[in-house]
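What follows is one structure encoded as structure tokens, with my remarks underneath.
Hydrogens, waters and symmetry mates are skipped; everything else that's a heavy atom, side chains included, is used.
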Number of protein chains: 2
Amino acid sequence: MSRSGADLALLFLGAYRSLVDTATTELAARGHAEFKPVHEFALRAIAAGADSASDLGRRTSVSKQAAAKTIAALLERGYVVSSPDPQDARRKRVEVTARGFDVMAQGEAVLEAARKRWEIQIGSAQLASLEAHLVILVGDAAIQADAPGWVADDSQ
Amino acid sequence: MSRSGADLALLFLGAYRSLVDTATTELAARGHAEFKPVHEFALRAIAAGADSASDLGRRTSVSKQAAAKTIAALLERGYVVSSPDPQDARRKRVEVTARGFDVMAQGEAVLEAARKRWEIQIGSAQLASLEAHLVILVGDAAIQADAPGWVADDSQ
DNA sequence: TGACATCGACAACCATGTTGTCTACAGTGA
DNA sequence: TCACTGTAGACAACATGGTTGTCGATGTCA
């Protein structure tokens, strides 16, 4: 077959897009419209302890201003709440709400379901080996779900 | 191993990013700084016959204004030239320059080299099967290199 | 106590897309 | 031949999601 390198790149992008689009569409259908991958990552980082804008910025490799905007968006949609930090009057502590945890759980479920469909399609062993090879090729870069500023691609 | 669906998505994104970053960096080192995937796709479309802004817009599923901006960027960097169409005074015909063909060839070569490295790393048969499975999973969506507005992710 | 760091807010800017509007020109049919 | 309709490209305004720079308030440490 010997596809070209460019096609290979496109294939990866297509696979990612396919999963993410599925998730976005499904989440919208389940009452979480406008929920984008960026939000998912931010929410994860907040749940993991990034409880202020500056903190979130550092963890997601983005300026604190950008992080503040993301938090504002999450706040507006009810995925997080913020309150003044009693320990430090400069800070505002951000916390994930029940709705926030819900959207994370649903997102995970949707992606897991998509993965299951693929598993059925090409076989469990094949998918496992595909994943294993990807891990080798990509290395650690993809593992830290907290980090990427490179999730900016999104749906749009 | 049974990785989660979210990890799988991240893995795909990581693989894509890895290839694209390699290509962008390499191209920059070879005298094509600031050349982004979007430019690559536009250039390909132009070479394939999209010789006007409106045309390019249609082919890459983007507004003609956005296409015009992309053309302006390519123009500025010397990858295309434009001239009034003698047949139709409304149009400006866009053509890929030698430099434009060069960057396309180099890009292809760089990606091909990256693919070769992976082939060595995990084995030729493994890479082939990975690609074959991806083709099954992604379907036709990734094949038409001309289309995607979804290459907006980029380096930045 | 004073120097310095950090927090969040605000403003300005950039990149890359969008829509809407405008003028020039092409093509077509009465 | 002429009016109508469609299309090309230019321009303006705006949305999104980043950036940098600056500022006042607050914390921290010598």
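Listed by first and then second residue, the ring pair (Phe, Tyr, Trp, His ring centres under 6.0 Å) pairs involving residues 48-78 of chain A amount to none (not counting sequence neighbours). Annotation: salt bridge (charged side-chain N to carboxylate O under 4.0 Å, His left out) contacts involving residues 24-33 of chain A, sequence neighbours excluded, comprise A:Glu26-A:Arg30.
Contact annotation for A:Ser63: base contact, defined as any heavy-atom pair under 4.0 Å involving a base atom. Contact annotation for B:Ala68: no contact, since no heavy-atom pair falls under 4.0 Å across all strands. Using a 4.0 Å heavy-atom criterion, one finds that A:Arg58 contacts the sugar-phosphate atoms exclusively.
Applying the salt bridge (charged side-chain N to carboxylate O under 4.0 Å, His left out) test to A:Glu95 and every residue at least two apart in sequence or in another chain returns A:Arg93. Residues passing the ring-ring contact (aromatic ring centres under 6.0 Å, His included) test with A:His133: none are found, sequence neighbours excluded. Under the rule for a ring-ring contact (aromatic ring centres under 6.0 Å, His included), the partners of B:Tyr79 that lie at least two apart in sequence or sit in another chain are B:His32, B:Phe35. Remark: B:Lys69 pairs with no residue by the salt bridge (charged side-chain N to carboxylate O under 4.0 Å, His left out) rule, at least two apart or across chains.
Rounded to an integer number of Å, the gap from CG of B:Leu56 to P of D:dA8 is 12 Å. Across the protein-nucleic acid pair, A:Ile71 atom CD1 and C:dG8 atom P stand 7 Å apart, rounded to whole Å.
Hydrophobic side-chain contacts under 4.5 Å tie B:Val81 to no other Ile, Leu, Val, Met, Phe, Trp or Tyr residue.
Less than 4.0 Å separates DNA chain C from at least one heavy atom of each of the following residues of residues 73-90 of chain A: A:Arg90.
Of the candidates D:dA10, D:dG9, C:dC7, C:dC7 carries the atom nearest the A:Ser54 side chain, counting heavy atoms from C-beta on.
Where B:Ala53 and A:His39 meet DNA chain D, the nucleotide closest to each residue was compared, and B:Ala53 sits on the side nearer the 5' end.
A:Leu137 and B:Val110 fall into different hydrophobic clusters, where Ile, Leu, Val, Met, Phe, Trp and Tyr are joined by side-chain heavy atoms under 4.5 Å apart, directly or via other members. With hydrophobic clusters built from ILVMFWY side chains whose heavy atoms lie under 4.5 angstrom apart, A:Tyr16 shares a cluster with B:Trp118.
With hydrogens and angles ignored, a donor-acceptor pair closer than 3.5 Å exists between the side chain of A:Lys64 and the base of C:dG8.
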Polar atom pairs (N or O), protein with nucleotides 11-14 of chain D, under 3.5 Å:
none

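For C:dA15, neither phosphate oxygen OP1 nor OP2 lies less than 4.0 angstrom from any side-chain nitrogen or oxygen of B:Lys36.
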